[in-house]
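Each residue takes its place number in the sequence, starting with 1.
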Amino acid sequence: MTAGGSAVGHLCHRFLSTAVTLEMNTRSFRPIKGDCHSEARILKQGRTIVHLESRLYSDEGRLAALATGSWHRLAANGQQEPAVPHRPGDNRE
């Protein structure tokens with residue numbers, strides 16, 4: 001399991017509906033020899049592009065891997081999400 005695979009996929013599915021990976025970068029720092037857990041979070045959410053991060057920790061709480069990536073949000077039927085009108089001061093993509 002990679003740091004990004006499970007946690008980021010779950011985050012996308014649960015909070016962003018359907019999304020496809022635009023790019024993903026995984027860095028491994030140490031091997032996992034026992035239990036582990038992962039945490040994922042949204043770094044920046046635009047209208048269609050979302051940037052996420054996932055961290056994989058050993059059972060001792062040491063960072064074992066880090067994944068970052070960008071996803072393109074799709075509508076439930078596989079089509080692109082409709083554009084959201086831009087508001088002044090809104091820094092979304």
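Atom CZ of Arg30 has more than 12 neighbouring heavy atoms from other residues, nucleotides or ligands inside a 6.0 Å radius.
When side chains are defined from C-beta on, His72 counts as touching Ile49, because their heavy atoms get closer than 4.5 Å. Contact of the Leu63 side chain with the Arg55 side chain is registered, since non-hydrogen atoms from C-beta on lie closer than 4.5 Å. Proximity of Glu39 to Tyr57: side-chain heavy atoms (C-beta onward) are separated by under 4.5 Å at one or more points. Looking at heavy atoms from C-beta onward, Thr26 lies out of side-chain contact with Leu66 at the 4.5 angstrom threshold.
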Practice item. Report the C-alpha distance between Trp71 and Met24 in whole Å, list the side-chain angles of each, state the deciding distance to 0.1 Å, and finish with yes or no for side-chain contact (heavy atoms from CB on, under 4.5 Å). Key: CA-CA 9 Å; Trp71 279 259; Met24 188 167 169; 4.0 Å; yes
**Study point:** Val20 vs Leu74, side-chain contact (heavy atoms from CB on, under 4.5 Å): CA-CA, chis, key distance, verdict
**Key:** CA-CA 7 Å; Val20 294; Leu74 301 175; 3.6 Å; yes
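Taking the charged nitrogens against the carboxylate oxygens, Arg41 and Glu53 do have a contact shorter than 4.0 Å, which makes a salt bridge.
Not counting sequence neighbours, Ser28 has no partner by the side-chain hydrogen bond (donor to acceptor under 3.5 Å, both in side chains) test. In this structure, the side chain to side chain contact (heavy atoms under 4.5 Å, CB included) partners of Ile32, at least two apart in sequence or on a different chain, are Cys36, Leu56, Ser58, Ala64. Residues meeting the side-chain hydrogen bond (donor to acceptor under 3.5 Å, both in side chains) test with Thr68, sequence neighbours left out: none.
For the pair Arg73 and Gly46, the tightest heavy-atom approach, listed with the atom from each and the gap, is NH1-O, 4.0 Å.
In this structure, Lys44 NZ and Ile42 CD1 are separated by 12.0 Å, a value rounded to the nearest 0.5 Å.
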